[in-house]
Amino acid sequence: MWHDRTCAISFGVNVALEKQNGWLILKQLSPVSPYQYLLAKCVSATAFSLLVACLMSLLALFSVLSLSLAQWLLVVTITLLGTLPLCMLGLLVGLSVSAKAAPAVVNLVYLPLSLLSGLWLPIGLFPEAMQWFAWLLPTFHISQLALSTIDATLGFPVYLHAAVLITQTLALFFVAQIKFKQA
């Protein structure tokens, strides 16, 4: 599940390249609205995430992990919906930095997102302040939603994680839209 998050956030590098090469100016002059551009970028990242999720699901068939079909479908759905806030974050990075800086900034954003949200280590191993910081990260909420399919969450309601993700997605979308108009 972590690899498809890389796909969602790293396409900000492509946006930075489009900005550097003048494609964003051309797109702004075309009748395509910023919403359509942002939606197209999210759909392409989500499609790639679906491919990665399907491949990882196939690999899981050969492991000792046993989930029902409904659980697998729910995890894949959560993964796909979880790409949306990360897409917005990737767009924001791509629209904010130069094409040369974008790969480094994406890595500087992605690695802490992964580590501090409990994707690599359980957040219970972190100091209390870092555990509270995880609540600010979309990856934490995505992982908690996915873990809810096997009742392995930290005990907070699913709707709370969903609400935080929706709020983060809308906030990032709003800021990305402003940055797109300024690019």
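Basis for what follows: all heavy atoms, side chains included, without hydrogens, waters or symmetry-related copies.
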In this structure, CG of Leu74 is separated from OG of Ser148 (nearest 0.5 Å) by 6.5 Å

In terms of heavy-atom contacts, Leu113 and Pro138 come closest through CD2-CD, 4.0 Å

Check your understanding: Is there side-chain contact between Leu147 and Leu154, with heavy atoms separated by less than 4.5 Å?
Key -> no

Correct closest heavy-atom pair for Ser117 and Ala134 would be CA-CB, 4.4 Å

With sequence neighbours left out, the residues meeting side chain to side chain donor-acceptor pair (under 3.5 Å) with Thr46 are Thr83

What one should report as the nearest heavy-atom pair of Ser49 and Leu80 is C-CD2, 3.9 Å

Are Leu172 and Leu86 close enough that some pair of their side-chain heavy atoms sits under 4.5 Å apart? no

Tracing side-chain contacts under 4.5 Å among Ile, Leu, Val, Met, Phe, Trp and Tyr outward from Leu39 reaches Val43

### Message
Looking at Glu128, I'd like to know if its CD atom is crowded, meaning that more than 12 non-hydrogen atoms belonging to other residues, nucleotides or ligands lie closer than 6.0 Å.
### Response
no

Is the side chain of His141 donor-acceptor paired with the backbone N or O of Trp135 at a distance under 3.5 Å, no angle test? yes

Leu84 and Cys42 have their tightest heavy-atom pair at CD2-CB, 4.2 Å

Separation between CG (Leu92) and CD1 (Ile178), nearest 0.5 Å, reads 10.0 Å

The reported gap from CD in Gln177 to CG in Leu170 (rounded to nearest 0.5 angstrom) is 11.5 Å

- Message: Do Val52 and Met56 make a side-chain contact, defined as non-hydrogen atoms from C-beta onward lying under 4.5 Å apart?
- Response: yes

Handout entry: Lys179 side-chain N/O to Leu91 backbone N/O, donor-acceptor pair under 3.5 Å
Key = no

All heavy atoms of Leu95 vs all of Ala176, minimum pair found to be CD1-O, 3.4 Å

Side chain Ser96, main chain Val93, donor-acceptor under 3.5 Å: no

Trp23 meets the side chain to side chain contact (heavy atoms under 4.5 Å, CB included) criterion, sequence neighbours left out, with Glu18, Asn21, Leu26

Check: Okay, side chain of Ser98, backbone of Ala101: is any donor-acceptor separation there less than 3.5 Å?
Finding: yes

Side chain to side chain contact (heavy atoms under 4.5 Å, CB included) filter on Gln20, not counting sequence neighbours, yields Ala99

Donor-acceptor contact below 3.5 Å, side chain Gln168 vs main chain Ala163 | no

- Considering only heavy atoms from C-beta outward, does the side chain of Phe156 approach that of Gln144 to under 4.5 Å? no

Residues passing the side chain to side chain contact (heavy atoms under 4.5 Å, CB included) test with Leu115, sequence neighbours excluded, are Trp120, Leu121, Phe126

Contact between Phe140 and Gln131 at the side-chain level, heavy atoms closer than 4.5 Å - yes or no? no

(Q) Side-chain heavy atoms nearer than 4.5 Å, only ILVMFWY residues, links allowed to pass through others: does that put Leu73 and Val158 together? (A) no

*Common cluster, Tyr110/Leu108, ILVMFWY with side-chain heavy-atom separation under 4.5 Å*: no

Cluster membership besides Val164, Ile/Leu/Val/Met/Phe/Trp/Tyr side chains within less than 4.5 angstrom, sorted by chain and number, is none

Discussion item. According to a hydrophobic-cluster definition based on side-chain heavy atoms being under 4.5 Å apart (Ile, Leu, Val, Met, Phe, Trp, Tyr only), do Leu160 and Trp132 belong together?
Written reply: yes

Any side-chain heavy-atom pair of Leu165 and Ile142 under 4.5 Å
yes

The reported gap from CG in Leu136 to CG in Leu116 (rounded to nearest 0.5 angstrom) is 10.5 Å

Ile123 vs Met130 side-chain heavy atoms within contact, under 4.5 Å = no

Here the pair of heavy atoms bringing Met88 nearest to Thr169 is CG-O, 3.9 Å

